[in-house]
There are 2 protein chains.
Amino acid sequence: MKSENGVIGLKSSPSTGYVTADDVATAAGVSRWTVNRAFKKDASISAAARAKVLLAAETLGYVPDLRAASLASDHSNLVAILIDDFANPHKLVMLERLTRVLRGRGWDMMLVNTLDRDDAEPALMNARRRRVDATILIGIQFDDEVLEAAHKAQHFKKLIIFARSSENKDTISISVDDRAATLEIAEYVRDRGYKAPFYLAGPRTSSAHLSRKETFLDFWAKEFGVTCDSVAVPAYDSILAADIISETLSNKPENQRPDIIVCENDALALGVIDAIRHRLGLRVPDDIAVIGFDDVPQCESPNYRLTTYRQPLMDMANYLVDVLESSENSQLDKTFIGRLVVRESA
Amino acid sequence: MKSENGVIGLKSSPSTGYVTADDVATAAGVSRWTVNRAFKKDASISAAARAKVLLAAETLGYVPDLRAASLASDHSNLVAILIDDFANPHKLVMLERLTRVLRGRGWDMMLVNTLDRDDAEPALMNARRRRVDATILIGIQFDDEVLEAAHKAQHFKKLIIFARSSENKDTISISVDDRAATLEIAEYVRDRGYKAPFYLAGPRTSSAHLSRKETFLDFWAKEFGVTCDSVAVPAYDSILAADIISETLSNKPENQRPDIIVCENDALALGVIDAIRHRLGLRVPDDIAVIGFDDVPQCESPNYRLTTYRQPLMDMANYLVDVLESSENSQLDKTFIGRLVVRESA
DNA sequence: CAATAATTTGCACGCGTGTGCAAAAATATC
DNA sequence: GATATTTTTGCACACGCGTGCAAATTATTG
């Protein structure tokens with residue numbers, strides 16, 4: 001056994017405080033490359049050597065340095081998740097699923113808070129500086145303009161839009177099939193005999209057609225020849241939704257009041273329920289029914305019991321990792337089908 | 001102007017696809033070191049050179065590689081946040097504040113989902129492999145046993161417990177002053193004339209004394225000579241809290257019913273309000289009042305209007321960054337004082 | 001304008017690992 | 001038991017940037 005610095009059993013580089021593969025190599029009596037192979041999954045190494053190395057690593061407290069590995073191999077097993085709109089509780093659910101699935105399959109993630117639209121570019125920059133393998137966008141502020149600017153420069157290996165559809169060609173979109181989901185909701189509304197639905201939309205996203213609102217309104221127009229009213233809330237915020245819906249409805253005479261309010265997501269729907277009860281003094285669902293989208297945890301609360309549409313987040317997250325591990329870079333868009341969760345609100 | 005590879009204006013290393021400082025250097029007609037200095041804040045570089053470099057970098061689309069920088073300098077400006085209990089909506093609030101403050105001050109963060117207690121060690125390992133500058137623990141599953149094992153091996157530069165007190169010496173704890181907070185709550189309960197409080201605790205954390213529950217019970221015992229009843233919920237979960245509190249209270253004769261339920265946090269309190277109304281058929285606060293802790297967004301909802309204690313999360317997050325930027329490694333524990341937010345639930 | 005001080009720039013070496021290939025060792029084949 | 005085959009191991013070089021120092025340039029002073 002040779003020792004590179006003339007001392008046997010001592011760390012050769014105590015300056016940084018970290019144990020390196022070289023330290024383990026001398027301790028185990030093998031070369032550094034064998035050490036690193038012991039930590040690689042399908043590496044060409046004998047079982048005996050691997051055991052010897054892992055034992056030495058264990059006692060010395062060595063773990064491979066992923067910065068160096070990434071630098072040398074040019075893939076980091078790191079993704080950046082850019083997320084805005086922390087006010088929406090569904091974000092917490094998505095984060096839980098994503099972190100769980102990603103980590104389970106060997107990926108780490110950076111979380112980047114994207115404050116507002118102008119902040120999108122610096123936020124994307126943060127991801128770029130770490131040379132992440134993919135950048136995942138979750139939120140509403142990433143419009144086509146930002147996306148094209150970002151990808152035109154070829155600065156991103158993979159740019160993934162999660163839980164929102166996008167028609168941008170340089171982008172991979174993993175989302176629920178909004179059209180199918182909205183049609184299922186619309187048919188449910190029809191079949192339960194509601195006659196005067198009202199649609200509460202969220203902030204306008206970039207791609208106007210094929211949106212949930214358009215789909216619902218189209219369906220209703222074709223089915224009954226009646227235009228369904230709608231209003232847009234400028235943010236996915238319960239309080240704001242409550243303000244807007246109560247103002248909208250208190251102006252209407254009672255016989256023009258909707259019998260159900262279909263909301264673009266739960267954040268809005270929960271605010272709507274609050275408004276119906278506490279501002280308008282009406283009952284849910286007896287006077288006005290409510291339907292949401294996402295199935296956030298609060299939907300279970302006996303206060304809300306919100307009927308809503310649940311996205312298959314685990315499937316979507318797993319597919320996301322499939323995309324990460326794929327060498328393809330296009331034609332990876334995929335939509336998923338969720339299911340309507342019927343509770344008492346509609 | 002020399003060109004290192006004999007070609008002027010062409011990228012010298014097109015293999016990786018990334019633009020390197022060398023590319024910018026040849027484009028700007030300076031050395032690579034001048035390029036990197038242009039991106040360092042207090043570097044010794046002339047204004048003219050910096051402008052020239054930044055222009056070239058802009059057109060070529062160069063941003064410094066933080067993996068390489070970290071490897072060379074042995075500090076990464078990256079922290080890992082280990083978080084369990086994604087069910088608690090307060091976690092989303094904390095994440096928003098932390099990500100905002102950290103990014104604003106030049107730090108990136110890795111998010112690691114710690115599934116359960118046995119998962120703590122692999123989760124910590126994930127942070128170690130990236131050589132993060134600090135590991136921040138937010139959650140309940142990091143008991144003293146885990147902490148000591150983690151730090152005894154000296155594997156972490158800084159181990160920070162955020163929003164929870166800890167007496168572990170190898171650890172930096174940044175939290176609200178639980179004792180002061182609970183006393184403020186207790187005095188409020190007393191001053192509003194409540195006579196029969198009930199304390200609803202969460203899962204048992206490692207350090208038993210000085211906890212919120214102990215503080216409240218001690219206060220009440222000293223003040224009135226009466227022991228205040230309490231029950232513990234094994235998870236910070238609204239539904240579970242509702243189950244347990246309704247079971248506990250439905251067994252009691254009406255004259256032994258508490259007039260206020262003090263909860264260890266909002267997740268429990270919101271469930272308690274649901275239970276009081278929908279399981280027990282009583283009113284809040286007329287029959288039973290409720291107090292929470294954290295001030296999650298839902299407290300604002302007209303359904304809840306929860307009186308609660310708000311932690312100064314922005315101050316705490318900023319102090320966290322102070323700690324990151326400090327060269328000290330001990331004596332950095334700090335507690336903060338929040339404030340009671342009075343609404344209608346108590 | 002010369003001499004000195006201050007500022008700016010260039011460079012050798014190191015950070016810890018991956019890649020592809022060749023040498024060495026172990027195993028299989030006749 | 002000798003050769004062919006497979007498995008395992010070692011190695012030179014590269015990845016992109018930071019550090020500390022010395023050389024070159026610019027600014028200051030009398």
Side-chain angles (χ1 to χ4, degrees), chain A residues 1-2 4-5 11-26 28-53 57 60-78 128-131 133, chain B residues 1-2 4-5 11-26 28-53 57 60 62-78 128-131:
Chain A
M1 181 169 103
K2 288 181 301 182
E4 294 180 357
N5 55 357
K11 289 205 282 186
S12 54
S13 54
S15 54
T16 73
Y18 279 114
V19 183
T20 81
D22 279 311
D23 301 326
V24 179
T26 52
V30 296
S31 73
R32 174 177 72 73
W33 294 271
T34 302
V35 171
N36 286 86
R37 266 191 275 260
F39 285 89
K40 272 214 120 181
K41 202 153 173 251
D42 296 313
S44 150
I45 185 177
S46 68
R50 171 169 272 152
K52 205 163 48 173
V53 167
L60 267 68
Y62 166 80
V63 287
D65 186 329
L66 255 44
R67 300 170 304 178
S70 168
L71 189 60
S73 72
D74 232 53
H75 75 276
S76 56
N77 265 253
L78 217 209
R128 223 140 77 65
R129 296 190 312 170
R130 300 273 174 197
R131 303 294 192 263
D133 287 340
Chain B
M1 181 167 103
K2 288 181 301 181
E4 294 181 357
N5 55 355
K11 289 204 282 184
S12 55
S13 54
S15 55
T16 72
Y18 279 115
V19 183
T20 80
D22 278 311
D23 301 326
V24 179
T26 51
V30 296
S31 71
R32 174 177 73 73
W33 293 271
T34 301
V35 171
N36 286 87
R37 265 192 276 261
F39 285 90
K40 271 216 119 181
K41 202 154 176 250
D42 296 313
S44 151
I45 186 176
S46 68
R50 171 169 273 151
K52 205 163 49 173
V53 168
L60 265 69
Y62 167 79
V63 287
D65 186 330
L66 255 43
R67 301 170 304 176
S70 167
L71 191 59
S73 72
D74 231 55
H75 75 277
S76 55
N77 264 254
L78 217 211
R128 223 140 77 66
R129 296 190 311 171
R130 299 274 175 196
R131 303 293 192 263

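Proteins get letters first, then strands, A, B, ... in listed order; numbering begins at 1 in each.
Residue A:K40 has a polar side-chain atom (N or O) positioned under 4.0 Å from OP1 or OP2 of C:dT19. Taking 4.0 angstrom as the limit, B:T34 places a side-chain polar atom (N or O) nearer than this to OP1 or OP2 of C:dG10. Close to D:dG18, at under 4.0 Å from its OP1 or OP2, lies no side-chain N or O of B:S73. Between B:S46 and C:dT9 there is a side-chain polar atom (N or O) within less than 4.0 angstrom of OP1 or OP2.
Across C:dT9, C:dG10, C:dG16, the shortest atom-to-atom separation from the side chain of B:A49 is found for C:dT9. The side chain of B:S31 has C:dG10 as its nearest neighbour among D:dG16, D:dG18, C:dG10.
Under the 3.5 Å distance criterion, with hydrogens and angles disregarded, a donor-acceptor pair is assigned to the side chains of B:S70 and A:R67.
Under a 3.5 Å cut-off, the side chain of A:N36 and the backbone N or O of A:W33 do not form any donor-acceptor pair.
You won't find any donor-acceptor pair under 3.5 Å spanning the side chain of B:R37 and the base of D:dG18, going by distance alone. Evaluation of atom-type donor-acceptor distances gives no pair under 3.5 Å for the side chain of B:W33 against the base of C:dT8.
If you check every strand for non-hydrogen atoms under 4.0 Å, A:R67 touches nothing. At the heavy-atom level, A:I45 lies under 4.0 Å from the strands shown only through sugar-phosphate atoms. Within the nucleic acid shown, B:F39 has no heavy atom closer than 4.0 Å to any nucleic acid atom.
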